[in-house]
Amino acid sequence: MCPTNQASALPAGEWTHSHEEDQAGVLVYRRTESFPFPPTRGGRDSLRVDSSGQITALAPGPDDRPRPTGIRVLAGGTAETAAPDSSIEIIESTDNVLKIRRR
């Protein structure tokens, strides 16, 4: 079982976008270290959840290395990105899958 932080009830660790599994308006993330992602040309964004409940969004940079973009968790399972017009809502979180909706 993976560690879960008490602040947000999100499983701590790194989650990578599995865009092949996206559903209408819902983005699906899988555990980076254990999910067999197929190759992709565009790179994959990811979310890092630390033990305090802080979520950091990572996106591929110009050299393909992940770079933080910044997201913080808000009460009620939502999170706010560094961009004021963008936030996310946690739809589902288990040990194996994290589903979010961007607003």
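Predicted model, so just to flag it, every value in this text is computed and none were measured. Below, all heavy atoms of this structure are taken into account, side chains as well, without hydrogens, waters or symmetry copies.
- Atom CG of residue L27 and atom CD of residue E21 lie 12.0 Å apart, to the nearest 0.5 angstrom.
- Here E92 pairs with T94, V97, K99 under the side-chain contact (heavy atoms from CB on, under 4.5 Å) rule; sequence neighbours left out.
- Residues satisfying the side chain to side chain donor-acceptor pair (under 3.5 Å) test with D22, not counting sequence neighbours, are H17.
- Applying the ring pair (Phe, Tyr, Trp, His ring centres under 6.0 Å) test to every pair with at least one member in residues 38-57, sequence neighbours left out, gives no pairs at all.
- The side chain to side chain donor-acceptor pair (under 3.5 Å) test applied to R67 returns D63, not counting sequence neighbours.
- Applying the salt bridge (Lys or Arg N to Asp or Glu O under 4.0 Å) test to pairs two or more places apart or on separate chains, those with a residue in residues 35-44 are E20-R44.
- Residue pairs meeting the ring pair (Phe, Tyr, Trp, His ring centres under 6.0 Å) criterion with at least one partner in residues 32-56, sequence neighbours excluded, are F35-F37.
- Side-chain contact between R31 and P11 is present, with at least one heavy-atom pair separated by less than 4.5 Å.
- T32 contributes a side-chain N or O that, together with a main-chain N or O of E14, makes up a donor-acceptor pair within less than 3.5 Å.
- Counting all heavy atoms, side chain and backbone alike, L98 lies closest to I90 at CD1-CG2, 4.1 Å.
- The NE2 atom of H19 sits 3.5 Å away from the OG1 atom of T40 when rounded to the nearest 0.5 Å.
- Rounded to the nearest 0.5 Å, atoms CG (L47) and OG1 (T56) are 9.0 Å apart.
- Of all heavy-atom pairs between P60 and G42, the closest is CG-O, 4.3 Å.
- One finds the CH2 atom of W15 at 14.0 Å from the CG atom of D45 (value rounded to the nearest 0.5 Å).
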